[in-house]
Every structure is written in structure tokens, then in C-alpha cells.
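See below for the structure under consideration.
Residue indices begin at 1 and follow the sequence shown. In each ligand, atom 1 is the first atom listed, and ligand 1 is the first ligand listed.
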Amino acid sequence: MKILVVGSGAREHALAWKLGREPGVGEVVCAPGNAGSRQVARRHALDVSDPAAILALADGEAADLTVIGPELPLALGVQDLFAARDRLLFGPSRVAAQLESSKAFAKDFMARHDVPSARFRVCDRADEALAAVAGPEFGFPVVIKADGLAAGKGVTVAPDRAAAEQAVRDAMLDHRFGAAGHRVVIEECLVGEEASFFAICDGRQAVGLPTAQDHKRAFDGDVGPNTGGMGAFAPSPLVTPDVERRIRREIVDPVLDGLAGEGHPYRGFLYVGLMLTADGPRVIEFNVRLGDPEAQVVLPMVRDDLAPLLEAAARGALETTSCDQTGEPHVGVVLASGGYPGSYETGEPIEGLDDASGLEGVLIFHAGTEVRDDTVVTTGGRVLTAVGSGVDIAEAIERAYAAEARIRFARKQVRTDIGRKALRSVPGDRSQETGDRRKPEGFASFGSDGMGRGEAGRDG
Ligand code: AMP
Ligand code: GLY
């Protein structure tokens with residue numbers, strides 16, 4: 001089987017790495033890829049925002065299966081284009097991809113199908129949104145979300161009326177997110193701990209992948225600006241087998257049934273961003289792809305071959321709802337360019353990559369890297385993910401940081417506390433006994449990764 005992996009991040013490097021090791025996979029082509037995916041796949045230039053170019057490449061390569069990493073081409077309808085030409089692609093249709101590309105679509109859909117989520121109101125006019133945040137309906141904090149894709153920056157958890165009104169004005173009057181913010185969703189602020197559930201879906205059923213938690217804030221202790229993710233660990237100790245059963249029964253099954261019933265069966269990776277509240281799991285958001293950096297810790301834990309699962313799911317014919325997973329936890333530390341997520345320098349030579357990837361229990365996945373004059377240099381904000389695995393989370397953390405320490409480039413930026421909140425679920429750890437009043441019943445106490453609440457909970 002020949003597989004085309006579309007995207008340029010560490011998530012796509014991890015996909016290409018996993019697929020490239022499997023006996024049923026003859027060749028992996030990564031487009032556009034990076035300096036790391038070059039080691040496991042043939043690379044091809046590609047504009048991922050051009051579905052026709054993606055189809056032309058898949059045609060030219062005679063790819064048996066195309067796997068899409070990022071959300072944008074899916075939101076632009078790349079699956080529909082492939083389906084019309086009878087070429088196999090793993091990813092949802094344009095309509096189903098609205099679970100991510102339109103928060104109003106996702107919320108209305110969840111309301112229609114009784115999927116547990118935050119109370120909400122969709123507003124198309126600024127005066128309506130300003131009245132909603134000022135009125136008694138939601139109280140404070142209140143959450144304001146730009147409807148469309150806003151590169152992870154469209155959500156504000158506003159602690160008070162002034163901040164809420166500012167968020168509405170930013171989106172609707174000052175057009176901060178362009179057309180993506182002309183409609184907003186106002187939401188009740190959920191309280192609890194965040195975790196993510198990932199699944200491979202074939203339109204009817206889902207294969208569950210390891211659960212994970214990411215670290216979205218730039219700096220230690222969950223402070224600083226929101227980023228694409230500075231690190232992740234898997235599995236999430238918060239998602240016990242019982243919680244996972246509830247996620248599948250109360251969320252994943254109704255989502256698949258609902259979309260199939262509306263004529264848009266969901267085939268692709270489904271990422272369920274969850275708040276584990278005192279009343280049970282609630283959906284914060286859906287993404288129609290794997291997370292980044294979550295994929296870098298989730299995929300190495302999957303022991304079964306991925307290609308047959310993705311192919312069967314793309315055809316709507318999965319024969320199982322589970323896959324074989326290692327019990328070894330994985331921790332991924334993102335190495336970013338200094339200044340990220342703000343402005344940063346690129347073109348810095350990277351040293352120590354071979355040294356780091358030679359360590360036991362370590363994988364290095366590339367994101368913003370390229371080869372120039374035989375040297376690997378930085379080209380982006382998130383540059384690499386150093387992944388460590390071990391018998392327990394402590395060993396996984398130790399190995400990820402041992403690898404991170406061997407890699408050098410000018411103005412390297414890393415968080416030093418990735419995975420630490422998972423350590424606190426170890427029985428006997430005192431941090432579980434120190435009554436956190438926000439702690440929902442039935443869940444262990446962890447530092448919050450949430451926007452707008454991290455400063456108060458600094459514990460690093
Ligand atoms: P999103 O861009 O949808 O992933 O949202 C970013 C972050 O905002 C989430 O990871 C949560 O920390 C926070 N968030 C979003 N919606 C809510 C909500 N309804 N209640 C509390 N926090 C939320
Ligand atoms: N790490 C968050 C995301 O991929 O959306």
C-alpha cells in the first residue's frame with residue numbers, strides 16, 4: 001500500500017513514522033513534510049490549503065490512501081473532492097468537518113443529539129452578544145468563541161463583564177479573526193479537568209486510541225499565552241475505564257449516529273476535547289484530526305498496525321472498536337523557538353539530534369525544520385517534539401527531558417513541567433490530599449490547563 005500523508009508538523013512526522021514501519025505499507029509520501037519526515041518518507045512540495053493540488057498529487061502518486069493531518073483541507077472539502085474521483089482518503093467530509101470549522105454548527109448539532117456540553121447561545125450581531133454576556137444567563141466567568149477556524153486563538157474565558165465585552169468587540173467589531181469571528185458562541189464556563197479522547201471513525205463505529213492531556217500555555221505552571229501545545233502525555237490518568245465508557249456512550253456514539261442519521265457519516269480521526277466535570281464528561285470542542293503534540297505521544301502507544309485501520313475506516317468498514325496499546329506512558333516535550341507563540345527567529349542550526357534520538361525509550365519528531373547546506377535548521381515556532389516512554393510516567397518524563405537536553409539551538413524555549421501533573425495521580429502523593437476546592441468529585445486533583453484560570457492555579 002502506498003500512503004500519502006498531508007501536513008508538515010510533528011503530528012504528520014509521527015503518522016509517517018508509524019505507517020512507514022508497517023509491513024503492509026510499501027511507501028509513504030509526506031507532503032510537504034519536514035527534515036524529520038524526510039527520514040521515513042519521500043517528500044513532495046504541496047500547498048495544503050489547495051484541495052485540488054492534494055488530489056492532483058494523490059493521482060500523480062497513485063496513492064492507495066491519503067491521510068490528512070491538519071483541519072484546513074478537510075474544512076475546504078478535500079474529502080468530497082477525493083470521493084467524487086473515487087480516490088480513498090481518510091478524513092471527514094466538508095459538512096462533517098464543521099464539527100471543528102464552525103463552533104455554532106458543533107453546538108447546534110450537540111443540542112440536537114443530546115451530547116453533553118456547555119449551555120450556549122449563538123450570536124450573529126454584536127448588540128445581541130453584548131446583551132448576552134451582560135445579562136444573567138451565563139454569569140462569570142463566561143466563554144466567548146469565534147465561530148470559525150482562528151488558529152487556536154478564537155476562545156476567551158472572560159473573568160468579568162469588561163473582559164467579556166472586550167472579547168465580543170475584538171471578534172465582531174474589530175474583526176480580529178476576520179470572517180471567523182463575525183458570528184460568536186457565548187458559553188457557560190465549565191469547571192473541572194481537561195483531557196482528550198481520540199478515535200478512528202468509519203461512520204458507524206470508532207476504534208478508541210490512547211487518551212491524552214496537553215499543555216497549551218507557553219510557560220511552566222500553565223501561565224502565559226495560549227499556544228498550539230507545548231507538550232502532552234498519554235494516557236490521561238483522569239480517563240478511567242468507567243469515564244471512557246461514559247465518553248463513548250454519551251458522546252462518541254451519539255455523534256456518529258447523529259451525523260450518519262443526517263446523511264453525513266463521520267469518517268476520520270475524531271478528537272474530543274473534554275471537561276471532566278462533577279456531573280460527568282462534557283464536550284469543550286471537537287477537532288476533526290489528531291492533536292499536535294498529542295499525536296506524538298498517542299501514535300507510538302498503538303501496537304496494532306495503523307494502515308489497515310485507517311483504510312477500513314475510510315471505506316466505512318471497521319471490523320473492531322479497539323486496538324492493542326502499550327501500557328507504557330509516553331511524554332512529549334515541545335522544543336520551540338524563543339518568543340513563540342509571538343514572533344521568533346528562524347534559520348538557527350540544530351545540534352544533537354542523532355545523540356538525542358539514540359537514547360533508550362526516545363523518539364524525536366520534527367515540526368519546523370528544514371535541511372540547508374546539509375544542516376538541519378529551525379523554520380517554525382514549534383520545532384521538535386522529544387518523546388520519552390517508560391515503565392511509568394516518571395521514567396517517561398525523565399527520558400523526554402534527557403533527549404530535550406541533548407538538542408541545542410539558539411533561543412530554544414521549552415517548558416520544564418510537562419507531564420508533572422500526571423505524577424500527582426500516583427497513590428500516596430500528598431498533592432491529592434490538599435483539598436483543591438475546584439476539584440470535581442470522583443476525579444483526581446491536577447493543575448488546570450485552562451485558559452484564563454491558569455494564573456490562579458500556578459503550582460509549578
Ligand atoms: P478551544 O480553542 O475550543 O480548544 O478552547 C481553548 C480552551 O478554552 C480549552 O482548552 C479550555 O481550557 C477553554 N474552554 C473552552 N470552552 C470552555 C468552557 N465552556 N468552559 C471552560 N473552559 C473552556
Ligand atoms: N494540542 C491541541 C490541538 O492539537 O488542537
Side-chain angles (χ1 to χ4, degrees), residues 7 9-12 14 69-72 99-104 106-107 110 116-121 138-159 164 167 171 177 180-181 184-198 211-218 222 225-234 236 269-277 279 281-299 332 334 336 341 367 381-382 385 418 438 440 446-457:
R11 167 182 54 207
E12 290 79 17
E71 65 279 11
L72 182 62
L99 280 185
E100 177 168 358
S101 64
S102 168
K103 296 202 189 277
K107 296 296 292 189
M110 285 190 276
S117 182
R119 280 186 300 110
F120 73 103
R121 176 185 288 272
F138 297 103
F140 298 101
V142 62
V143 184
I144 297 101
K145 301 184 170 182
D147 176 52
L149 295 178
K153 299 191 176 91
V155 176
T156 304
V157 181
F177 312 110
V184 300
V185 177
I186 315 284
E187 259 181 46
E188 157 200 23
C189 186
L190 298 169
V191 177
E193 305 294 346
E194 288 183 45
S196 300
F197 178 84
F198 302 95
T211 58
Q213 286 176 243
D214 74 346
H215 301 63
K216 287 198 175 79
R217 298 297 199 99
D222 294 330
N226 221 31
T227 71
M230 292 299 291
F233 60 86
S236 165
F269 288 116
L270 180 65
Y271 168 147
V272 187
L274 295 156
M275 190 71 87
L276 304 175
T277 74
D279 300 322
R282 298 279 179 274
V283 176
I284 297 179
E285 60 160 350
F286 292 115
N287 294 312
V288 299
R289 51 177 173 80
L290 288 177
D292 184 340
E294 292 92 327
Q296 295 91 292
V297 291
V298 164
L299 292 173
V334 169
R382 290 192 291 177
T385 308
I418 301 300
R438 289 188 301 116
F446 288 81
S448 168
D449 224 15
M451 292 171 76
R453 289 164 293 138
E455 280 94 345

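- Remark: ligand 1 atoms within the under-4.0 Å shell around heavy atoms of K103 are 3 (O).
- Under a 4.0 Å criterion applied to the non-hydrogen atoms of E294, ligand 2 contributes the atoms 1 (N), 2 (C), 4 (O).
- Panel note: side chain T385, backbone P293; no donor-acceptor pair is recorded below 3.5 Å.
- The proximity of I284 to ligand 1, defined as any non-hydrogen pair under 4.0 Å, is limited to the side chain.
- Salt-bridge formation is detected for the pair D292/R382: a Lys NZ or Arg NE/NH1/NH2 atom is positioned less than 4.0 Å from an Asp or Glu carboxylate oxygen.
- Of all protein heavy atoms, the one lying nearest to atom 3 (C) of ligand 2 is R289 NH1, 3.6 Å.
- Annotation for R282: atom CZ counts as buried by contact number, over 12 foreign heavy atoms lying within 6.0 Å.
- Listed by atom number, the atoms of ligand 1 under 4.0 Å from V155 heavy atoms are 1 (P), 2 (O), 3 (O), 5 (O), 8 (O), 15 (C).
- With a 4.0 Å cut-off on non-hydrogen atoms, N287 touches ligand 2 through its side chain and not its backbone.
- Here E188 has backbone heavy atoms under 4.0 Å from ligand 1, and that is the only part of it that gets that close.
- The side chain of A118, and not its backbone, has at least one atom closer than 4.0 Å to an atom of ligand 1 (non-hydrogen atoms only; side chain from C-beta on).
- Although no hydrogens or angles enter the test, the distance criterion places a donor-acceptor pair under 3.5 Å between the side chain of H215 and the main chain of G231.
- For ligand 1 and E187, the ligand atoms under 4.0 Å from any heavy atom of the residue are 16 (N), 18 (C), 19 (N).
- A salt bridge is absent between R119 and E187; no separation between the charged side-chain nitrogens and carboxylate oxygens falls under 4.0 Å.
- The shell of residues lying under 4.0 angstrom from ligand 1, judged by heavy atoms, excludes R282.
- With K107 contributing its side chain and A118 its backbone, the two residues share a donor-acceptor pair below 3.5 Å.
- Distances from atom 9 (C) of ligand 1 to the heavy atoms of E100, R119, E194 put E194 nearest.
- Taking only nitrogen or oxygen atoms, main chain and side chain alike, E285 does not reach within less than 3.5 Å of ligand 2.
- Judged by distance alone, the side chain of R11 and the main-chain N or O of G291 form no donor-acceptor pair under 3.5 Å.
- Of the residues V184, L149, V185, the one that meets the side-chain contact (heavy atoms from CB on, under 4.5 Å) test with K103 is V185.
- The shortest separation from a heavy atom of G291 to ligand 2 is under 4.0 Å, placing the residue in contact.
- The two atoms that bring V283 and L190 nearest to each other are O-CD1, 4.3 Å, heavy atoms only.
- Close N/O approach between E285 and ligand 1 is found [any backbone or side-chain N/O within under 3.5 Å].
- With hydrogens and angles ignored, the 3.5 Å screen pairs a side-chain donor or acceptor of E100 with a backbone N or O of V288.
- Taken to the nearest 0.5 Å, the CD atom of E294 stands 8.5 Å off from the CG atom of N287.
- Those atoms of ligand 2 with a heavy atom of G228 less than 4.0 angstrom away are 1 (N), 2 (C).
- Of all the atoms in ligand 1, the ones that sit under 4.0 Å from a non-hydrogen atom of K145 are 15 (C), 16 (N).
- Distances below 4.0 Å separate heavy atoms of M275 from the following atoms of ligand 1: 21 (C), 22 (N).
- The shell of residues lying under 4.0 angstrom from ligand 2, judged by heavy atoms, excludes R11.
- Each of the following atoms of ligand 1 lies closer than 4.0 Å to a heavy atom of K216: 10 (O).
- At distances below 3.5 Å, at least one donor-acceptor pair connects side-chain atoms of T227 with backbone N or O atoms of G229.
- Considering backbone and side-chain N/O of C189, none are found under 3.5 Å from N/O of ligand 1.
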